[in-house]
Structure formats: structure tokens, C-alpha cells
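What you are looking at is a predicted structure, and each value in this text was computed from that prediction instead of being measured. Proteins get letters first, then strands, A, B, ... in listed order; numbering begins at 1 in each.
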Amino acid sequence: MLKIYNTLSGKKEIFKPIEEGKVGMYVCGNTVYDFCHIGHARAMISFDVISRFIRHLGYELNYVRNITDVDDKIIKRAEENNESTQALTERMIAAQREDELRLGNKMPDREPKATEFMQEIIDMVQILLDKGFAYQGSSGDVYYRANAFKDYGKLNNRKLEDMLAGARIDVETAKEHPADFVLWKQAKVGEVAWPSPWGLGRPGWHIECSAMSTNCLGSHFDIHGGGPDLKFPHHENEIAQSEAATGKDYVNYWMHCGAVRVNNEKMSKSLGNFFTVRDVLEKYNAEVIRYLMVSSQYRSPIDYSDQSLNEAKVGLERLYTALRQQSIAESYQATEYTQRFEEAMSDDFNTPVAVSVLFELVRELNKAKTEAPAKAEALAAELKTLAELLGLLHQAPEYFLQNSTLSEGLDEKAIQALIDERTQARKDKNFARSDEIRDELAAQGIELLDSREGTTWTRS
RNA sequence: GGCCGGAUGGCAGAGUGGUCAUGCAGCGGACUGCAACUCCGUGAACGCCGGUUCGAUUCCGACUCCGGCCUCCA
């Protein structure tokens with residue numbers, strides 16, 4: 001029995017798909033004008049793990065995640081770079097894909113782009129106009145009439161009147177009401193634009209998601225997800241548009257992941273305190289980032305720092321060490337670990353508990369290594385299978401532990417030569433020389449591990 | 001001002017009305033030439049004040065502090 005925390009109700013609810021055995025999930029993707037930062041990584045990884053587990057439960061999942069490739073920020077950035085918006089977005093989409101694959105995500109089933117759904121967007125705007133939920137302002141822009149939708153604010157527990165008290169909403173004279181938002185925006189000269197009944201222009205930010213989600217998954221679907229900063233206004237506006245246009249319930253379960261923080265502040269573009277995925281990958285194996293994300297529950301805020309990354313690295317090393325030089329059974333009988341893992345994941349995707357089960361499994365695996373090799377092989381297989389659901393432990397243990405992604409430092413040949421020399425010294429009981437070599441390597445971040453089978457090493 | 005979260009051992013991070021989280025770090029031991037890895041054992045926590053209860057870290061209320069949203073942001 002899967003339970004999911006629903007932002008709409010503020011509670012964990014038992015998950016029940018609209019159609020037996022099938023799940024439709026739409027996740028808001030990125031606006032592609034810059035490289036992904038760690039906050040984007042968290043959202044992408046969270047919903048990747050969620051999608052894996054939904055499939056693991058046997059559901060036929062259709063996972064759709066959009067790409068926003070038309071937007072004010074894109075136009076601005078392209079101008080600054082002196083390139084076309086298309087060149088910019090194509091570059092960023094490729095970069096995002098590369099980052100994501102390195103982070104170990106599986107791609108969504110479909111990644112619709114806003115520019116590919118222009119007709120559907122225009123159709124939806126027209127329907128909203130026809131039904132009286134939209135109007136064309138004096139500027140020529142088409143706006144959504146927020147107070148025409150009686151449930152406006154239901155996702156965020158907000159009332160239109162209360163929002164006015166905030167008084168931070170710019171009063172655009174073209175709007176009837178400050179909370180109204182743009183559906184279709186008139187193009188300025190030279191801006192990328194599409195023809196529409198209201199002239200050359202482009203869609204507002206929110207309408208594209210309503211149009212794409214309802215066209216890809218139907219007007220009523222199971223799960224809609226996104227980052228924490230999308231709750232308002234983006235998702236609120238999506239609900240308003242979609243439900244007004246279709247006259248049906250839009251989404252059953254709204255899911256939002258928690259923020260990534262830096263020094264106790266949200267990591268965000270506007271604060272400028274963000275780290276891009278590719279920056280971090282210069283210093284850390286991509287799986288360390290993934291482990292960091294998965295080691296707390298997807299809704300909790302997570303703190304980003306060198307310290308938290310280092311702690312993630314150490315934890316992951318323990319997991320990989322258990323698989324080092326360990327053969328893996330081709331099949332195995334699932335044990336209580338699988339059951340506990342699944343129970344944890346079924347409780348609103350409780351990955352930290354799932355990870356703790358992995359550690360307990362590892363302890364038993366390490367114990368079994370000497371006394372019960374067959375059991376060890378089976379447990380290793382079970383470990384790999386469970387970790388795979390989190391997207392972890394897919395690398396060769398030696399590869400991960402020797403940190404082969406880093407180019408700096410001694411190469412493997414030099415390390416091996418020193419290890420061979422040390423092995424000889426140990427045979428000769430020349431421990432002074434042996435320790436000297438070990439210290440020398442340690443100074444370069446290479447740790448040695450002696451065992452009956454020989455000496456292995458780990459780069460820290 | 002409105003709405004929503006959170007406060008757990010040295011750190012990270014789950015969870016529960018009465019008994020174990022887990023990882024890192026610490027301490028003691030085994031293993032080792034010495035280490036490392038690993039294993040065994042071990043100390044350590046539930047912001048503050050009331051209430052409900054036989055019993056509350058867990059439920060309820062007030063308070064303090066922290067974060068998020070209310071403007072583009074995953």
C-alpha cells in the first residue's frame with residue numbers, strides 16, 4: 001500500500017490511481033537558459049526515485065516532464081549572449097541531459113517542449129476566453145481572471161483578499177485584478193513570436209504546463225510534481241487554468257520536494273548562491289550527489305556544503321566497500337531487508353529509512369563473507385537490487401573507490417608500482433620501508449587496504 | 001501582515017504514546033607486523049511552558065527560535 005503526501009490536503013494519503021494499474025505523472029522541468037544547479041538536481045533525482053519505485057510496485061507509469069524553452073529569461077539571456085533563443089535552449093537542453101545521465105537518472109518517458117505545443121496552448125487560451133475566465137487587457141496581453149475561478153488558492157491555502165494585503169504585487173493597470181496573470185503576451189519587435197488570434201506573441205509561463213499536461217496525460221491525471229518554489233504561483237495557476245478550461249478535476253496528488261539550502265538559505269537563481277551540477281562534478285563523483293539527496297526524505301530541506309558532501313561520500317564508500325571483490329549471486333531469495341525497504345519506500349518514499357536498511361544489510365553481508373560465502377553472494381545481489389531502486393551502486397566498486405573520475409594525482413600505474421614495492425618490503429619484513437610507502441601514498445590521498453588476497457587502494 | 005513547514009544525541013537524519021533507527025565521529029575489544037577495511041561491545045537526544053494520560057520526544061494548547069511562500073526561481 002503506497003502512501004503519498006499530497007500538498008493539496010497537507011496529509012499523507014493512500015495512493016489510488018484513476019485507472020487501475022496505471023499512473024500518469026507530470027513533473028515541471030526546467031527553464032533552459034542556464035546550467036542546472038543542485039536544486040534542480042534534487043528535483044530531478046527525487047522524481048526519478050519516485051518513478052522507479054512506482055514502477056517497482058507494478059504500475060504502468062507514464063512519466064512526463066516538460067521543458068520550458070520559451071520565456072522572458074531565455075530571451076534576455078540569448079540577447080546577452082548574442083545568440084538565437086533556439087541555439088541557447090538547444091545547448092542547455094543538451095547540457096541538462098548530460099548532467100542528468102551522469103547523476104544516474106533514467107529519462108522521463110516524454111519531454112515535451114513548450115514551443116512544440118503552441119497550437120494546444122492557443123486553443124486553451126481561446127477556451128478560457130470563451131468561457132469568461134480570461135480577457136484581453138488594454139496592453140493587448142491576454143490575462144486569466146483569477147477571481148472568476150472560485151477555488152483559486154486551494155493548493156496554497158490562500159485567499160485572494162489576503163494576497164492583496166501583501167501589497168508586493170505590482171499593480172499593472174492593464175489587469176482587472178492584481179492577481180490576474182498573463183496567458184498570452186504580446187511580442188516586442190524582434191522577439192521570438194508565434195501568430196495567434198491576439199497577434200504575434202508568446203505564451204505566459206503557466207499556460208504551457210496546463211496545455212502540455214492535459215494533452216499528454218488527459219485532463220485529469222494522477223500525480224503532478226515539482227520543486228518547492230512552484231507551489232505558488234505556478235501550480236496554483238495551473239489548477240485554475242486547467243480546471244476552468246476542462247471543467248474537470250485536474251490532478252489527484254500534488255507532490256513537492258524540499259529546497260536545497262546553502263548556509264541556511266534557499267539555493268536559488270535570484271539569490272545567486274547556487275552551485276551548478278557541473279561545478280560539483282569537478283570535485284565529487286556524481287553518485288555522491290545522488291546519495292546526499294537520497295539520504296534525506298524528499299520533502300525535507302537539505303543542506304548543501306562540502307561537509308555534507310563529504311559525509312555522503314563516506315557513507316557511500318561503506319556501501320561500495322561491501323561489494324568490493326564480492327561475487328554476486330545471479331538470483332536470490334528476498335529477505336526481510338527487501339520487505340523493510342519496500343515498506344519504507346511505500347511510506348511516502350522514505351529513502352533515509354530505505355538507506356538505513358541497506359546499511360543493515362551490508363553489516364550482515366560483511367559478516368557472511370568469511371563464514372557463509374553463498375549467503376554473502378545472495379545478500380550482495382539483494383543489496384544491488386535494492387540500491388538500484390534508488391539509483392545507487394551501479395558503478396564497479398573499484399572504479400568508485402579508486403575515484404577514477406578524478407584526473408589529478410598519481411596515475412594507477414605509479415600507485416601499483418609503489419604497492420608492489422611495498423608488498424616485497426613486507427615480505428622481507430622491512431616494515432620501515434613498507435610504512436614509508438604507505439605514508440607517502442596517504443599524503444596523496446591514497447589509502448591502502450591489506451587483505452589475504454593482496455593490497456587494494458582507495459582514493460579519498 | 002497572511003499561509004505553510006521545522007526544532008531529535010558531537011554532526012547528519014528517521015521514527016514512535018511505554019522496549020533498536022541508521023550513518024559519521026567518540027570510547028573499549030577482536031583482526032593486523034603496525035594500520036586500514038571489517039566485526040563485537042558501548043556512552044549519548046528528543047527547543048521551552050502547560051494540559052490530556054497510569055505513562056509523552058511522540059497527542060493538544062501557548063511561547064521562543066529557524067526556514068519557505070506571498071515577485072522570476074527546482
N/O-N/O pairs, protein side and nucleotides 22-28 of chain B side, under 3.5 Å:
unit_1	atom_1	unit_2	atom_2	d
B:G23	OP1	A:R363	NH2	2.7

Taking 4.0 Å as the cut-off, does a side-chain nitrogen or oxygen of A:W457 come that near to OP1 or OP2 on B:C37?
no
Over all strands shown, is A:G153 touching base, sugar-phosphate only, or nothing at heavy-atom distances under 4.0 angstrom?
nothing
Give a yes/no on whether any side-chain N or O of A:S300 is located under 4.0 angstrom from OP1 or OP2 of B:A14.
yes
For residues 302-324 of chain A, which residue pairs pass the ring pair (Phe, Tyr, Trp, His ring centres under 6.0 Å) check, not counting sequence neighbours?
A:F275-A:Y304, A:Y320-A:F400
Do A:L88 and A:I74 make a side-chain contact, defined as non-hydrogen atoms from C-beta onward lying under 4.5 Å apart?
yes
Please list each protein N or O that sits under 3.5 Å from an N or O in nucleotides 3-6 of chain B, with the distance.
unit_1	atom_1	unit_2	atom_2	d
B:C3	O2'	A:N156	O	3.1

Euclidean distance for C1', B:U58 against B:G17 (whole angstrom)
6 Å
Would you indicate, yes or no, if B:C37 has its OP1 or OP2 atom less than 4.0 angstrom from a side-chain nitrogen or oxygen of A:N366?
no
At under 4.0 Å between heavy atoms, what does A:H37 touch on the DNA or RNA strands: base, sugar-phosphate, or nothing?
base
Spacing of the C1' atoms in B:A74 and B:U16 (rounded, Å):
32 Å
Tell me what A:L448 touches on the nucleic acid: a base, only sugar-phosphate, or nothing, going by heavy atoms under 4.0 Å.
base
Are the charged groups of A:R340 and A:E360 less than 4.0 angstrom apart, N to O?
yes
Verify the ring-centre separation between A:F221 and A:Y250: is it less than 6.0 angstrom?
yes
For Watson-Crick and G-U wobble pairs within 3.5 Å on both distances, what is RNA chain B written in dot-bracket notation, | included for inter-strand pairing?
(((((((..(((.....[...))).(((((.......)))))....(.(((..]....))).))))))))....
B:G61 versus B:G67 - spacing of their C1' atoms, nearest Å
23 Å
Separation between the C1' atoms of B:C40 and B:A45, rounded to whole Å:
24 Å
Students often get this wrong, so: under 4.0 angstrom with heavy atoms, is A:T321 touching a base, only sugar-phosphate, or nothing?
sugar-phosphate
Taking B:G15 as the reference, what is the distance to B:U22 when you measure between their P atoms (whole Å, please)?
15 Å
Classify the nucleic acid contact of A:M44 as base, sugar-phosphate or nothing, counting any heavy atom under 4.0 Å across all strands shown.
nothing
For A:E80, give me all partners under salt bridge (Lys or Arg N to Asp or Glu O under 4.0 Å), at least two apart in sequence or on another chain.
A:K76, A:R77
How would you list all residue pairs meeting salt bridge (charged side-chain N to carboxylate O under 4.0 Å, His left out) that involve residues 378-387 of chain A, not counting sequence neighbours?
none
Rounding to the closest angstrom, what is the interatomic distance between B:C20 and B:C60 at atom C1'?
29 Å
Once salt bridge (charged side-chain N to carboxylate O under 4.0 Å, His left out) is applied, what residue pairs with a partner in residues 429-438 of chain A remain, sequence neighbours excluded?
A:E421-A:R433, A:R433-A:E436, A:D435-A:R438
For residues 345-394 of chain A, the ring pair (Phe, Tyr, Trp, His ring centres under 6.0 Å) pairs (sequence neighbours left out) are none
If I pick the C1' atom on B:C66 and the same atom on B:C72, what distance separates them, to the nearest angstrom?
25 Å
Check salt bridge (Lys or Arg N to Asp or Glu O under 4.0 Å) between A:E388 and all other residues, then give those that pass, not counting sequence neighbours.
A:R52, A:K106
Look at all strands and tell whether A:N264 reaches a base, only sugar-phosphate, or nothing, counting heavy atoms closer than 4.0 Å.
sugar-phosphate
Nearest-nucleotide pick for A:F232, side chain only, options being B:G33, B:C70, B:A14:
B:C70
The criterion is side-chain contact (heavy atoms from CB on, under 4.5 Å); which residues satisfy it with A:N62, sequence neighbours excluded?
A:V64, A:D109, A:L217
Side-chain donor-acceptor pair present, A:E287, A:Q395, cut-off under 3.5 Å
yes
Rounded to whole Å, CD1 of A:I50 lies from C1' of B:A74 at a distance of 13 Å
For A:S268, report the nucleic acid contact type (base, sugar-phosphate, nothing); a contact means any heavy atom under 4.0 Å.
base
Could you check whether A:N350 gets within reach of a base, just the sugar-phosphate, or nothing at all, counting any heavy atom under 4.0 Å?
sugar-phosphate
Which part of the nucleic acid, if any, lies within contact of A:R433, taking any heavy atom under 4.0 Å across all strands shown: a base, the sugar-phosphate backbone alone, or nothing?
nothing
A:K185: partners by side-chain contact (heavy atoms from CB on, under 4.5 Å), with sequence neighbours left out:
A:D72, A:D141, A:V182, A:R202
With rounding to the closest Å, how many angstrom separate the P atoms on B:G9 and B:U57?
15 Å
A:K266 side-chain N/O to B:A74 phosphate OP1/OP2 under 4.0 Å:
no
Spacing between A:R42 atom CZ and B:G68 atom C1', to the nearest angstrom
13 Å
Under the ring pair (Phe, Tyr, Trp, His ring centres under 6.0 Å) test, which residues partner A:H235, sequence neighbours left out?
A:H224, A:W254, A:H256
